[in-house]
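Please read all numbers here as calculations on a predicted model, not as lab measurements. Naming convention: chains lettered A, B, ... in sequence-line order (proteins, then strands); numbering from 1 in each chain.
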Number of protein chains: 2
Amino acid sequence: MAEVKPKTKTKKTRQQDPEGTKRNITEVAMREFVNRGLSGARIDEIAANTNTSKRMIYYYFGDKDRLYLHCLEEAYREIRDGETALKLDHLTPKDALKKLVEYTFEHNNNHPNFVRMVMIENIHHGSFIDRSDIIQKLNATVVNDLEEIYLRGVEEGVFRKGIEAIDLHWHISALCFFNVSNRDTFTKIFEKNLNSDAEQAKLCQQVVAMIMRFVAA
Amino acid sequence: MAEVKPKTKTKKTRQQDPEGTKRNITEVAMREFVNRGLSGARIDEIAANTNTSKRMIYYYFGDKDRLYLHCLEEAYREIRDGETALKLDHLTPKDALKKLVEYTFEHNNNHPNFVRMVMIENIHHGSFIDRSDIIQKLNATVVNDLEEIYLRGVEEGVFRKGIEAIDLHWHISALCFFNVSNRDTFTKIFEKNLNSDAEQAKLCQQVVAMIMRFVAA
DNA sequence: CTCATAACTAACTAATTAGTACATTTCTAT
DNA sequence: ATAGAAATGTACTAATTAGTTAGTTATGAG
C-alpha cells in the first residue's frame, strides 16, 4: 500500500512532516525551474534551498522530469483554483466579458510562475502536458464561461455573430500572456519600463477595449 | 592581424571555407537551441550535425554562451532583414495598418526560430540582449513605421486619438507572437488543431479586425 | 618555393550533475 | 514495547558535457 498518504491529522510536535517536505520541495523547485528552465534547473541547487536533502527529492519525486511535471501541474492547479469566484451570471454580457478580461489580465500578471512554466513547456513542445492526466481536466471551465457570456451577448444583440468562444479565448490569452512572458525582452529592446502600476493599468484597459470592440455588434 | 578575414573572392576548388563553416555551425546550432533551449542544447549534438568538428565551434565562437548569443543576433537579423519591402507610404492609413498587421502575423508564423529564440531569451530574463550591441539597433524601424501610419490616420480622422505607437506595437506583437509561441500547449490542452492554413487565415483575419477596430475613430 | 598563419582534426580532461547505496531515525499499529 | 514501514541524512558513483591539448593540413603573400 505505497499510495496511502499519512494525512496530517495530528499536528502536535512532529519532526517528520512528509506533506510539508513535499510542499517545501515543490516551492523551491518551482522557483528554480521558472528562473532557469527545465534543463537549466539544478537538482543540487534546489536541494540546497530546501529544508531537506537531495535524497528526499528523489524519494518523493523519482527523477528530475517527474519533479518538473509536478511543478507544471501545480502551476496549472494554482491558476485554475483562483478562478472560481467570478460570478458572471447576473451581469450584462458586456460587463461580464469586461470583468473576465480584466480578471485574466490581472491573473496572468499575478502568476508569473504559471506563465513561465507554460513558456518552458512550449520550449519543450508541450511534451510533458501529454503525460499529464490532470492538466487536461483543468481547462474546460474558462472557455465554457466565455461561450455562455458570448452567446448571451449575441442573443441580446450587443455582440456580433460568428465568433467561436475558443478563438476569443485565444486572443484574450495572447494579450494577457504576452504581457508577462515577453516583458523582459520588450522592456530592454524598446527601453520602456512596463512594470509600473500605471503602465499596467493602461495596458489592461487597452486589452479590454480591444476585446470589447472586437466582439461589438 | 587576427581579424583579417579572407574574403571568399576566389571560389575555385577550396577545401577550407571559414565563412561556410561558420554558417553551417550557426544553422545547426540554431536548430538545436530552438528545439532544446539554451541549457538543453548540447554542443556535442551540434558538432555531430555539422560538417565540421566540435573544435571548430570553439575556434570560431569561443564558448556556448557566445554561440547562443550569435544565434540570437542572427534570429533578430533574419527577421528584420525581411522587413524592408513593405512600401506603406502611398497606402491609406487603414490599408497600411492592415497590411502591416497581416505582414507581422505572417512573418512571425514564417519565422518560428525567431519566436522561439525570443522565448528562450525571456526565460533567461533577457540577459543576453543586454550584452548585444547589435540587437538594440535593429528595432527602431517597426515602431517608427507604425507611428507614421497612425499619425496619418489620426490626421485624416479615421483613427482615434490618444494611442501610443509603442503600445499598438505591443498589442500587435502579442497577438502575432503568441500564435506561434503557445501553439503546442494550446493545441494539446484544447484539442484544437491550429496548424492548418484555414485556421491560420481565420486567426490572421481576426487579429487584423481586432487591431483595426481598436484604433478606429 | 617556402614560410607564416589561418583552418582544421582527433583524442583527451576536468567539472558538473543526475541519480544511488546504505545506514539511521521517526512514526504507527498492534 | 516493539516490529515493520515510512522518512530522512551522508557519502558516494556513473554519466554527461563544456571546454582543451597537441598537433596536422591548407592557403596566400613574398
Trainee: Counting C-beta onward and ignoring hydrogens, is there a side-chain heavy-atom pair between B:Thr187 and B:Lys192 closer than 4.5 Å?
Mentor: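 SC-SC contact between B:Thr187 and B:Lys192 ruled out.
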Trainee: Which part of the nucleic acid, if any, lies within reach of B:Arg55 when heavy atoms closer than 4.0 Å are counted: base, sugar-phosphate only, or nothing?
Mentor: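 Result for B:Arg55 = base.
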Trainee: Would you mind reading off the distance between B:Arg23 atom CZ and C:dA7 atom C1', rounded to a whole angstrom?
Mentor: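 In whole Å, C:dA7 C1' lies 16 Å from B:Arg23 CZ.
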Trainee: Would you indicate which nucleotide in D:dA18, D:dG9, C:dA18 comes nearest to any side-chain atom of B:Lys64?
Mentor: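 Selected nucleotide (nearest to the side chain): D:dA18.
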Trainee: Measure CD/B:Glu19 against C1'/C:dC8 and give the value in whole Å, please.
Mentor: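 Interatomic distance, CD of B:Glu19 to C1' of C:dC8: 15 Å.
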Trainee: Whole-Å distance between C:dC12 C1' and B:Tyr58 OH?
Mentor: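 In whole Å, C:dC12 C1' and B:Tyr58 OH are 14 Å from each other.
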Trainee: Under the criterion ring pair (Phe, Tyr, Trp, His ring centres under 6.0 Å), I'd like the reasoning laid out for B:His169 against A:Phe190: C-alpha separation, chi angles, the key distance, then a yes or no.
Mentor: CA-CA 11 Å; B:His169 178 61; A:Phe190 295 103; 5.2 Å; yes
Trainee: So, do A:Gln200 and A:Asn179 sit near enough that their side-chain heavy atoms are less than 4.5 Å apart?
Mentor: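 Yes, their side chains come closer than 4.5 Å.
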Trainee: Strictly below 4.0 Å, N to O, side chains only: are A:Glu102 and A:Lys99 in salt-bridge contact?
Mentor: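 Judged by the 4.0 Å cut-off on N to carboxylate O distance, A:Glu102 and A:Lys99 do not form a salt bridge.
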Trainee: Reckon A:Tyr59 touches a base, only the sugar-phosphate, or nothing at all at heavy-atom distances under 4.0 Å?
Mentor: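 Base, at least one base heavy atom under 4.0 Å.
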Trainee: Output yes when at least one side-chain N/O atom of B:Thr52 is less than 4.0 Å from OP1 or OP2 of C:dA7, else no.
Mentor: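 No, no such contact exists.
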Trainee: Any donor-acceptor pair under 3.5 Å linking the side chain of A:Asn122 with the backbone of A:His125?
Mentor: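 No.
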Trainee: Report yes or no: is the cationic atom of A:Arg131 (NZ for Lys, CZ for Arg) closer than 6.0 Å to the six-membered ring centre of A:Phe128, at no more than 45° off its axis?
Mentor: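 Yes; both conditions hold, so A:Arg131 lies above the ring face of A:Phe128.
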Trainee: Check each residue of residues 28-40 of chain A for a non-hydrogen atom within less than 4.0 Å of any atom in DNA chain D, then write out the ones that pass by number, or none.
Mentor: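 Per residue number, the list is empty: none.
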Trainee: What integer distance in Å separates B:Ile57:CD1 from D:dT17:C1'?
Mentor: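 Result: 12 Å.
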Trainee: Whole-Å distance between D:dG19 P and B:Ile46 CD1?
Mentor: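 It works out to 11 Å between those atoms.
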Trainee: Over how many whole Å does the gap from A:Lys54 atom NZ to D:dT10 atom C1' extend?
Mentor: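 So the two atoms are 12 Å apart, to the nearest Å.
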Trainee: When you match A:Asp44 and A:Gly62 each to their closest nucleotide on DNA chain C, which lands nearer the 5' end?
Mentor: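 Here A:Asp44 is the residue nearer the 5' end.
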Trainee: Report the nucleotide, chosen from D:dT8, C:dT17, D:dA18, that has the shortest atom-to-atom distance to any side-chain atom of A:Arg42.
Mentor: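 That would be C:dT17.
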Trainee: Using side-chain heavy atoms (C-beta onward) and a distance below 4.5 Å, is B:Leu72 in contact with B:Tyr68?
Mentor: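 Of all side-chain heavy-atom pairs linking B:Tyr68 with B:Leu72, at least one is under 4.5 Å.
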Trainee: Considering only C:dT17, D:dT10, D:dA18, which nucleotide approaches the side chain of B:Ile43 most closely?
Mentor: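 The closest nucleotide is D:dA18.
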Trainee: With a 4.0 Å cut-off on heavy atoms, is B:Tyr60 in touch with a base, just the backbone sugar-phosphate, or nothing at all?
Mentor: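 Result for B:Tyr60 = sugar-phosphate.
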Trainee: Closest approach to the side chain of A:Met56, judged atom by atom: which nucleotide of D:dT8, C:dT20, C:dA7 is it?
Mentor: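 Side chain of A:Met56 sits closest to D:dT8.
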Trainee: What is the distance, to the nearest angstrom, from the NZ atom on A:Lys22 to the P atom on D:dA6?
Mentor: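 Roughly 12 Å, once rounded to whole Å.
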Trainee: For a quick check of understanding: with a heavy-atom distance under 4.0 Å over all strands, which category does B:Ala47 fall into, base, sugar-phosphate or nothing?
Mentor: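 No contact.
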Trainee: How about B:Phe177 and A:Phe178: are their ring centroids closer than 6.0 Å?
Mentor: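 When the ring centroids of B:Phe177 and A:Phe178 are compared, they turn out to be within the sub-6.0 Å range.
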Trainee: Whole-Å distance between C:dA7 P and B:Asn24 CG?
Mentor: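 My rounded result for the distance is 15 Å.
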